[in-house]
Asker: 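Structure in structure tokens, see below.
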Amino acid sequence: MGVRLAEGMVLLHDISITNSNGIIVSTKKRKIFLDPKKPPDSGLSFVSHAHLDHIRSSFYGKRVIASDETVRLARERGFNINNYSEQDEDIETFDAGHILGSRAILIENSIFYTGDFALRPRAFLESGKAAKCDVLIMETTFGSPEYIFPPVGRVFEQTNRLIAEMFAKGVPVVLMGYPLGKSQILSYYFSFWDPVYVYESVAKMNNVHTELGVSVGTNFKNYEEAKERGLLNRKPWVLLSPLMSGRSKFVKELKEKYGAVLVAFSGWACRPGYKNAMSVDYAFPVSDHCDFSELYQLVKQCSPKKVITVHGQNSVFAAFLQKQGYDAQPSSALHASMTDFIHED
Ligand SMILES: [Zn+2]
């Protein structure tokens, strides 16, 4: 294209962020849709991981870049990806450290899209791997300074102390996290309590992990079966449940009928009002995303010339990066189509 922007920089890529179908990157070689809401008619799609805000439909026959684990987890959630590969010409994927199978993508050694990303290792997940790039398109879910997460080990030590305290009084404990991702981390760290009951949607995702060779602990018992057999009246116990409000019918019943204590795990727990808003007894900040300082660490590792922030606190984080001297822009400030640049030399 060759429109000169600044000394030594030349327009080579088009990056557009559309409301209809996510982020679209066009290069001389290809058009690639990053976590598209629906399969595009033509071009390549990248599905970063199997969370439902990143995969919303099946991709019958359409060309997709995704990991084996993402494809397997997506299938379990009702979405079919049958024409996929992990790599393509001039396309490399990196472990994003967010959930099993999550990937970031480096396009033509220049544009790095993180998908959802975590830098700190947790249970069976390793730290996400950053790539040097010209343009960094990064998630900024927790891109505001109030989101600094404590060490995972410290939070789970506190949780174990809480469970021990409750067990001594015969009180059941409900540990709540998203069914895919957080719940497997909780399964991994708390499976040694006895008995541990598991809600169906969590068990389903645990089983896929086991099938893929990832141990998330053993000795889990089916919650529904235990309920039917009246085993829940034999207290205490631990239940691994999807994250729900304490006001929801299911959780309310656990509290009223069995006197269970409700514990929520979420990055949003950094917010002072979170515990009350969720109507839970305890809320711990554990996340499958980077916190604010890790997001900045990620930027430094990538040493980009341009940053585009997407999701969550994208405006706050872009403003912070600008103060640090980066050329940064929130996706929300992009026009329907934006042309980006890289160094020619
Ligand atoms: Zn996610």
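Read the numbers this way: they start at 1 and go in the same order the structure lists the ligands and their atoms.
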Asker: Would you compute the distance between atom OG of Ser42 and atom CZ of Arg63 and round it to the nearest 0.5 angstrom?
Answerer: 11.0 Å
Asker: Does the pair Arg72/Glu76 count as a salt bridge with the N-to-O cut at 4.0 Å?
Answerer: yes
Asker: Which pairs of donor and acceptor atoms, one on a side chain in residues 216-232, lie under 3.5 Å apart (sequence neighbours left out)?
Answerer:
{"residue": "Asn222", "atom": "OD1", "partner": "Glu224", "partner atom": "N", "Å": "3.0"}
{"residue": "Asn222", "atom": "OD1", "partner": "Glu225", "partner atom": "N", "Å": "2.9"}
{"residue": "Lys227", "atom": "NZ", "partner": "Glu253", "partner atom": "OE2", "Å": "3.4"}

Asker: Taking a hydrophobic cluster as the set of Ile, Leu, Val, Met, Phe, Trp and Tyr residues connected by side-chain heavy atoms closer than 4.5 Å, whether directly or through intermediates, do Ile24 and Val47 fall within one such cluster?
Answerer: no
Asker: Keeping waters out of it, list the protein N, O or S atoms under 2.8 Å from the Zn ion (ligand 1).
Answerer: His49 NE2, His51 ND1, His98 NE2, Asp116 OD2
Asker: Any salt bridge linking Arg161 with Glu157? Criterion: basic side-chain nitrogen under 4.0 Å from a carboxylate oxygen.
Answerer: yes
Asker: Classify the angle between the aromatic ring planes of Phe46 and Tyr113 as parallel (below 30°), tilted (30 to 60°) or perpendicular (above 60°).
Answerer: perpendicular
